[in-house]
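Lettering follows sequence order; numbering is per chain, from 1.
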Amino acid sequence: MPELPEVETTRRGLEPLVRGATIGSVVVRNRAMRQPVPRDLARILTGRRIDALERRGKYLLFRAGDGTLIVHLGMSGRLWVVTPGTAPATHDHFDLALDNGHVVRLRDPRRFGLVLWQRGDPLAHKLLRAIGPEPFSNAFNAEWLYRETRSRSGAIKNAIMDSHLVAGVGNIYASEALFRAGINPKLPARRLGPARCVALVETVRATLADAIAAGGSSLRDYVNSKGEAGYFQNNFSVYDRAGKPCLTCGTTIRSLVLGQRSTFYCPRCQAR
DNA sequence: CGCCAGGCCTGCACGC
DNA sequence: TGCGTGCAGGCCTGGC
């Protein structure tokens, strides 16, 4: 469910509740995530202080002394805070009980998410090492996008969803950013000129920033760390709007499949 | 019942 | 040969 804005919304909600707290106990109810949850995670975490909650791409990083608890929410994950004693529901796989009275709980029905422990620098972990620039960093710029797309014959939408090119852009925001830039999602990436690279960097950032400001998008049951729904889904220009009129020109929004993912665009505003 | 869903890794085929 | 790229498959459950 979560793309970068939803993960960032979660991080911002949780950070003040967990920073500086000490982990009192850990409950793992189901270790079978995308990778198995480490068997000795409770032993490792208990008694540790959470120094900071950071984000890299769609990964949440609980910095704790000489290591980091890495959490990825996959397709259906949600991380929020409950009060001690709150009965776990089905798919509540993981709890972190803090000494400040908060219990951080992970729910992930599809279990495409991850819970990992990394000693030392978390960015050295194999899964994080290869991730491309953060979309709001200077490293993600038009020159980078231009260079990185020269050898790619595949669709531009697939390119910007590649976490090695830019971190955090998922299926929804890829369609939205391309709409804002007036770029057809099927356009071969290598055919994107310098000017359109400038435009796309700008709209990727603006789309993600607007979604974060709205508290993320609430598709299905996505809620933030306080259980509140985001409302960016009300601001979608094209995502999930096939058959409806383009809000800019009135042309019927179309959908197609690119890279096995549903894609939405306006055939007039994004003619090429 | 079948189909679809917000992620992303792996393995394979292919071309330079 | 080695590397980058492109694609399919797989991991799971829930909702329509």
Side-chain angles (χ1 to χ4, degrees), chain A residues 1-10 29-37 55-60 70-79 89-94 106-116 125-132 135 147-178 185-191 204 207-208 211-212 214-224 229-236 238-243 255-264:
Chain A
M1 53 183 25
E3 299 185 33
L4 186 149
E6 291 71 38
V7 177
E8 178 61 18
T9 297
T10 298
R29 300 186 190 83
N30 190 346
R31 296 180 54 239
M33 305 287 283
R34 196 170 92 215
Q35 289 178 21
V37 176
R55 179 189 57 72
R56 176 76 174 102
K58 297 171 191 167
Y59 291 85
L60 286 166
I70 301 174
V71 177
H72 192 286
L73 300 177
M75 202 90 119
S76 59
R78 167 190 166 188
L79 200 60
T90 319
H91 311 308
D92 287 351
H93 307 312
F94 177 74
L106 173 71
R107 177 177 300 172
D108 185 4
R110 293 176 71 180
R111 284 187 275 124
F112 288 180
L114 283 175
V115 177
L116 303 169
H125 191 283
K126 186 187 171 197
L127 294 176
L128 280 78
R129 204 170 40 206
I131 298 179
R147 200 173 344 118
E148 286 295 308
T149 49
R150 287 317 85 190
S151 60
R152 294 177 185 246
S153 59
I156 183 62
K157 178 182 177 248
N158 296 344
I160 61 170
M161 284 181 66
D162 181 347
S163 65
H164 307 290
L165 198 157
V166 57
V169 179
N171 198 41
I172 292 177
Y173 299 112
S175 278
E176 292 294 312
L178 288 166
K186 288 175 288 190
L187 181 77
R190 55 160 51 120
R191 287 183 46 209
V204 164
T207 303
L208 297 176
I212 292 169
S217 302
S218 297
L219 292 191
R220 303 174 193 278
D221 61 350
Y222 180 79
V223 290
N224 70 12
Y231 52 87
F232 191 75
Q233 68 280 7
N234 301 322
N235 297 343
F236 289 162
V238 287
Y239 184 80
D240 209 22
R241 295 196 66 244
S255 68
L256 74 157
V257 174
L258 284 177
Q260 303 166 289
R261 310 302 299 277
S262 60
T263 305
F264 302 86

Whole-angstrom distance between C:dG6 and B:dG6, as gauged at atom C1': 23 Å
Pairwise N/O distances under 3.5 Å, protein to nucleotides 6-10 of chain C:
from  : atom 1 : to     : atom 2 : distance (Å)
C:dG6 : OP1    : A:S153 : N      : 2.7
C:dG6 : OP1    : A:S153 : OG     : 3.2
C:dG6 : OP1    : A:G154 : N      : 2.6
C:dA8 : N7     : A:Q260 : OE1    : 3.3

In whole angstroms, how far is the P atom of C:dG4 from the CG atom of A:L165? 14 Å
Could you state the atom-to-atom distance from CG of A:L116 to P of B:dC9 in whole Å? 11 Å
Out of B:dC8, B:dC9, B:dA5, which has the shortest distance to the side chain of A:H72? B:dC8
Nucleotide opposite C:dC12 in a Watson-Crick or G-U pair, distances under 3.5 Å: none
Any idea which heavy atoms bring A:L4 and A:P135 closest together, and the distance? CD1-CG, 3.7 Å
Please state the C1' separation for the pair C:dC11 and B:dC1 - nearest whole angstrom. 22 Å
Of all heavy-atom pairs linking A:A155 and A:L258, the shortest is CB-CD1, 4.0 Å
Main chain of A:A211, side chain of A:N235: is a donor-acceptor contact present, judged purely on distance under 3.5 Å? no
Minimal heavy-atom distance between A:G216 and A:Y173, with the atoms involved, is C-OH, 4.3 Å
Is the side chain of A:S76 donor-acceptor paired with the backbone N or O of A:R110 at a distance under 3.5 Å, no angle test? yes
Among the nucleotides B:dA5, B:dT10, B:dG6, which one has an atom lying closest to any side-chain atom of A:R110? B:dA5
Exercise: identify the closest heavy-atom pair between A:M161 and A:A174: CG-CB, 3.6 Å
A:Q35 CD to B:dC8 P, in whole Å, measures 13 Å
Without swapping roles, check the side chain of A:R111 against the backbone of A:H93 for a donor-acceptor pair under 3.5 Å. no
Starting at atom CG of A:L258, determine the distance to atom P of B:dA5, rounded to an integer number of angstrom. 13 Å
Report yes if the ring of A:F112 lies under 5.5 Å from the six-membered base ring of B:dC8 with planes under 30°, and no otherwise. no
Shortest non-hydrogen pair, A:R190 vs A:S153, comes out as NH1-CB, 3.3 Å
Which nucleotide wins on minimum distance to the side chain of A:H164, given the candidates B:dC9, C:dC11, C:dG14? B:dC9
Short side-chain to backbone donor-acceptor contact, A:E3 and A:G168, under 3.5 Å: no
Does OP1 or OP2 of C:dG14 have a side-chain N or O of A:T90 closer than 4.0 Å? no
Residue-phosphate contact under 4.0 Å: A:K126 side-chain N/O, B:dT10 OP1/OP2: yes
To the nearest angstrom, how far is A:R107 atom CZ from C:dC12 atom C1'? 16 Å
I want to verify a distance call: between B:dC9, B:dG6, C:dC11, whose nearest atom is closest to the A:Y59 side chain? B:dC9
Nearest atoms (heavy-atom pairs only) where A:D92 meets A:R29: O-NH1, 2.8 Å
Any side-chain N or O of A:Y239 below 4.0 angstrom from OP1/OP2 of B:dG6? yes
To the nearest angstrom, how far is A:I160 atom CD1 from B:dG6 atom C1'? 15 Å
Nearest-Å distance for atom pair NE2/P, residues A:H91 and C:dG15: 9 Å
Produce the list of close N/O pairs, under 3.5 Å, pairing protein atoms with atoms of nucleotides 12-14 of chain B; give distances to one decimal.
none

Rounded interatomic separation in angstrom, taking NZ from A:K58 and P from B:dG6: 11 Å
Can you check whether any acceptor in the base of C:dC12 is under 3.5 Å from a donor in the side chain of A:R111, or vice versa? no
